[in-house]
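Protein chains get the first letters and strands the later ones, always in sequence-line order, with residue 1 at the start of each. These numbers come from the heavy atoms of this one structure, side chains and all, not from hydrogens, waters or symmetry mates.
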2 protein chains.
Amino acid sequence: MGRSAERNQRMRDERREQILAVALELFAARGLAATKIGDIARRARIAQGLLYHYFPSKDVIYLELIRGAFERMNAAARGLEKLPMPPGEKVRRALEALVAGLTENDDTARYYLLTAQASASEATPRTVQALIRAERAVPYEVMARIIRAGQRDGSVREGDPEELAVLFWVLIRGLAIHRATWGPGFRAPPVSALIRVFLSEG
Amino acid sequence: MGRSAERNQRMRDERREQILAVALELFAARGLAATKIGDIARRARIAQGLLYHYFPSKDVIYLELIRGAFERMNAAARGLEKLPMPPGEKVRRALEALVAGLTENDDTARYYLLTAQASASEATPRTVQALIRAERAVPYEVMARIIRAGQRDGSVREGDPEELAVLFWVLIRGLAIHRATWGPGFRAPPVSALIRVFLSEG
DNA sequence: GTCTATATCCAGATAGAC
DNA sequence: GTCTATCTGGATATAGAC
């Protein structure tokens, strides 16, 4: 590939990213069905027809975003598991990082909203549903393993690890929805209150 | 109004209820935009045209359902507050009843899903948004008052009552979404784990 | 009250000029 | 690569017969 071909490829990728960024914003705010392809094009400041030079359909844009959401989320989960610290500390760090991300980073909040919608809706396209089914267990499994390890060393409270892991993600997803409902100035519950659900002390 | 006029009115109301029940099911499962008026008619086993003899538009059906959701929820909240028991006990009962309702009663779960979607989406019709803005604070206020009373008598943990109330509803809404994602056979976290977020002991 | 048929509109996707 | 114009399908809502 020559110099200019490379540059063209880079520009093409940038354009794709730009479209995806706009689409993430709109899909998170309105959902798949209520987001019009024309809205995405307008907000991205390109003609509607041009959008189809970068993506073959609305569903494919959506799929791409969901794929990205799971990539980030699952990579972060596995990264957390590998960190060199005791399990109880991992739970605390994860809660702090997730709540901070949800509060301060708009795209983070949008990704959580997106997956929550897509996972809960029967209107989600089949291709996306298949992806979700393949990926959605990872965060639960990781958190259950961390909790189990924490119970062995006494830093995490007793209780079924799977159920506690469910509770962990229920909290995070609930916070994301809450933020979407009440706006960025919402009153986040203190992390300390969340931590005592899981940790024996502190 | 004569006898038969009354009977006709009753039949008309029943028909309306039947349509609303179907609409609740579909809106909760797919959201407003992805639910087609034709789907509602088909599932209610009536012609699409006939539906418009009972409701003037899709948005009005949606509005009606959201109104019903808030009526039930806010009535339940105010009823809870009036119960003759100590505040800590009210928190425990509320959690137990809500989790049980979410787990066992499909329509309860659907109502929570519906309001969660409608509140979080910018695509929600203006009329519905106005209703939501007028009603949504009630459950938070009620719970904050109960928590404040519980802190005075020592049964509820310390912490900002508003923030704890947010946490309470974040949990409930999170559970509703979780159930929608994983189906009725989902692993509900034990109520005991939720209770210790709020109560000093037990 | 209930249906079938249809008007109308809107949105996703394509064609083709530049 | 980018645009404008357009095709096409589908969905809301209405008309009108029974």
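Side chain of Lys58(B), nearest nucleotide from dT4(D), dG1(D), dT12(D): dT12(D). Of the candidate nucleotides dC3(D), dC3(C), dG12(C), dG12(C) has the atom nearest to the side chain of Lys36(A). Residue Tyr54(B) places its side chain closer to dG1(C) than to any other of dA13(D), dC3(D), dG1(C). Distances from the side chain of Gln48(B) to the nucleotides dA13(C), dT12(D), dT2(C) place dT12(D) closest.
For the pairing with Leu65(A), the side chain to side chain contact (heavy atoms under 4.5 Å, CB included) check across Leu114(A), Leu32(A), Val60(A), Val128(A) returns one residue only, Leu114(A).
For Arg12(B) and Asp59(A), each mapped to the nucleotide of DNA chain C holding its nearest heavy atom, the one lying further toward the 5' end belongs to Arg12(B). Residue order along DNA chain C, read from the 5' end via each residue's closest nucleotide, puts Gly38(A) first among Leu50(A) and Gly38(A).
OP1 or OP2 of dA13(D) lies within a sub-4.0 Å distance of a side-chain N or O belonging to Tyr52(B).
The interatomic distance linking Leu51(B) (CG) with dA15(D) (P) rounds to 17 Å, in whole Å. In this structure, the CZ atom of Arg42(B) is 12 Å from the C1' atom of dA11(D), given to the nearest Å. One can place CG of Asp39(A) at 16 Å from C1' of dA13(C), the figure rounded to the nearest angstrom. Look at CD on Gln9(B): it is 14 Å from C1' on dG1(C), rounded to the nearest Å. If you take CZ of Arg15(B) and C1' of dG1(C), they are 8 Å apart, rounded to a whole angstrom. Atom CG of Leu26(A) is separated from atom P of dA11(C) by 14 Å (rounded to the nearest Å). Put simply, CD on Gln18(B) is 10 Å from P on dT2(C), counting in whole angstrom units. Here the C1' atom of nucleotide dG1(D) and the CZ atom of Arg10(A) are 17 Å apart, to the nearest Å.
A donor-acceptor pair under 3.5 Å is absent between the side-chain atoms of Ser119(A) and the main chain of Ala116(A), judged by distance alone. Remark: the backbone N or O of Thr35(A) is not paired with any side-chain donor or acceptor of Arg30(A) at under 3.5 angstrom. Side chain of Gln18(A) to backbone of Ala44(A): a donor-acceptor contact under 3.5 angstrom is found. Judged by distance alone, the side chain of Arg187(B) and the main-chain N or O of Val166(A) form no donor-acceptor pair under 3.5 Å.
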